[in-house]
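Quick notes on the structure that follows.
In this chain, residues are counted from 1 in sequence order.
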Amino acid sequence: VPDVYEKASPDGDWLLGSAGGNLYVRPALGGKERPLTQAGVRDNGWDAEDAQWSPDSRTIIAAKSDERQVPEYPIVDWLEPLDKVVSVRLPRIGYPKASIQTELIDLSTGRTKPIQDSSDLRWIGWSPSGDPVAVRSGLKRVGFVVVDQNTGKTRDLFSETTPTFF
């Protein structure tokens, strides 16, 4: 991933990016960045890479990932002129994993609305009515859900479970 990653809105007017654990938008034709979130910090912040724009470019779905409890490991970067040690957080069985809260963000106000039970959702797009649609995946359950943009509540469209594992 490049140092600066920005995602264009569907109407082409805005670029969404992240810096310092927070999201920002800026006009695509040049202009000043405007912060969308302010509660992010290192290892507990927002990332623009997996964020999704609504088709009308007025809403963004983005996840805030809290990795502060995930073990940190030293990794040697051998490609530098002098060996450089960097710390990387890597999940490991038996240790805490990152907690993820996905939220809807209103572009005009910056207000966020948490999406209920969003830790196991993978975003795939938007319904014809304009609501976000996601895949819910787990060890014993998989399905599609739609999110009500007014309440943040999820509703199953289709779900399959198994007594064993998928």
Side-chain angles (χ1 to χ4, degrees), residues 1-77 79-80 84-92 95-127 130-138 145-154:
V1 177
D3 288 340
V4 175
Y5 179 88
E6 294 180 326
K7 185 176 276 190
S9 62
D11 63 10
D13 290 344
W14 298 97
L15 295 172
L16 172 70
S18 58
N22 285 296
L23 296 174
Y24 66 84
V25 290
R26 68 180 181 86
L29 296 178
K32 191 173 181 178
E33 293 176 1
R34 178 171 55 95
L36 277 182
T37 61
Q38 299 175 2
V41 295
R42 182 181 184 270
D43 298 327
N44 183 18
W46 305 85
D47 184 22
E49 188 173 356
D50 294 323
Q52 298 287 326
W53 284 95
S54 64
D56 63 8
S57 301
R58 297 186 339 201
T59 306
I60 298 163
I61 296 175
K64 185 178 183 189
S65 178
D66 185 352
E67 298 179 337
R68 293 174 293 183
Q69 301 301 313
V70 176
E72 202 168 2
Y73 297 95
I75 304 290
V76 177
D77 184 349
L79 300 177
E80 294 289 325
K84 179 180 175 183
V85 178
V86 294
S87 293
V88 177
R89 294 198 182 271
L90 297 170
R92 192 170 171 187
Y95 290 87
K97 63 180 186 174
S99 64
I100 297 171
Q101 174 60 52
T102 305
E103 301 192 11
L104 295 164
I105 303 170
D106 184 288
L107 180 63
S108 61
T109 65
R111 286 195 189 111
T112 62
K113 183 174 295 169
I115 296 174
Q116 123 191 351
D117 303 326
S118 65
S119 63
D120 62 349
L121 298 180
R122 303 297 169 257
W123 301 102
I124 59 170
W126 298 77
S127 71
D131 289 322
V133 178
V135 172
R136 181 180 303 277
S137 60
V145 300
V146 66
V147 177
D148 183 315
Q149 288 193 62
N150 296 317
T151 64
K153 291 184 178 179
T154 58

Interatomic distance, [X] atom [atom1] to [Y] atom [atom2] [nearest 0.5 angstrom]:
{"X": "Leu36", "Y": "Glu103", "atom1": "CG", "atom2": "CD", "result": "12.0 Å"}
{"X": "Thr37", "Y": "Tyr24", "atom1": "OG1", "atom2": "OH", "result": "11.5 Å"}
{"X": "Leu16", "Y": "Leu107", "atom1": "CG", "atom2": "CG", "result": "9.0 Å"}
{"X": "Asp47", "Y": "Ser65", "atom1": "CG", "atom2": "OG", "result": "8.5 Å"}
{"X": "Ile115", "Y": "Leu121", "atom1": "CD1", "atom2": "CG", "result": "7.0 Å"}

Return the set of residues passing side-chain contact (heavy atoms from CB on, under 4.5 Å) with [X] (not counting sequence neighbours), or none when no residue passes.
{"X": "Thr59", "value": "Ser54, Leu104, Trp126, Gln149"}
{"X": "Glu72", "value": "Arg42, Ser87, Arg89"}
{"X": "Pro10", "value": "Trp53, Ser57"}

Which atom names give the shortest non-hydrogen contact between [X] and [Y], and what distance separates them?
{"X": "Ile105", "Y": "Ala62", "answer": "CD1-CB, 4.1 Å"}
{"X": "Val85", "Y": "Pro74", "answer": "CG1-CB, 3.8 Å"}
{"X": "Ala51", "Y": "Ile60", "answer": "CB-CG2, 4.1 Å"}

[X] side-chain N/O to [Y] backbone N/O, donor-acceptor pair under 3.5 Å:
{"X": "Gln38", "Y": "Leu23", "answer": "no"}
{"X": "Asp66", "Y": "Asn44", "answer": "no"}
{"X": "Lys64", "Y": "Ile100", "answer": "no"}
{"X": "Ser9", "Y": "Trp14", "answer": "yes"}
{"X": "Asn22", "Y": "Ala39", "answer": "yes"}
{"X": "Thr151", "Y": "Lys153", "answer": "yes"}

I'd like to check the side-chain hydrogen bond (donor to acceptor under 3.5 Å, both in side chains) partners of [X]; sequence neighbours left out, ordered by chain and number.
{"X": "Gln116", "value": "Thr154"}
{"X": "Asp106", "value": "Ser108, Thr109"}
{"X": "Arg92", "value": "Tyr73"}
{"X": "Ser99", "value": "none"}

Check salt bridge (Lys or Arg N to Asp or Glu O under 4.0 Å) between [X] and all other residues, then give those that pass, not counting sequence neighbours.
{"X": "Arg122", "answer": "none"}
{"X": "Asp11", "answer": "none"}
{"X": "Arg26", "answer": "Glu6"}
{"X": "Asp56", "answer": "Arg58"}

Student check: side-chain heavy atoms of Thr102 and Ile61 closer than 4.5 Å: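 Answer yes - side chains close enough.
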
side-chain contact (heavy atoms from CB on, under 4.5 Å) between Lys7 and Gln52, worked out: CA-CA 9 Å; Lys7 185 176 276 190; Gln52 298 287 326; 4.2 Å; yes

Pairs satisfying salt bridge (charged side-chain N to carboxylate O under 4.0 Å, His left out), at least one member in residues 107-118, at least two apart: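 Non-adjacent pairs meeting salt bridge (charged side-chain N to carboxylate O under 4.0 Å, His left out): zero.
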
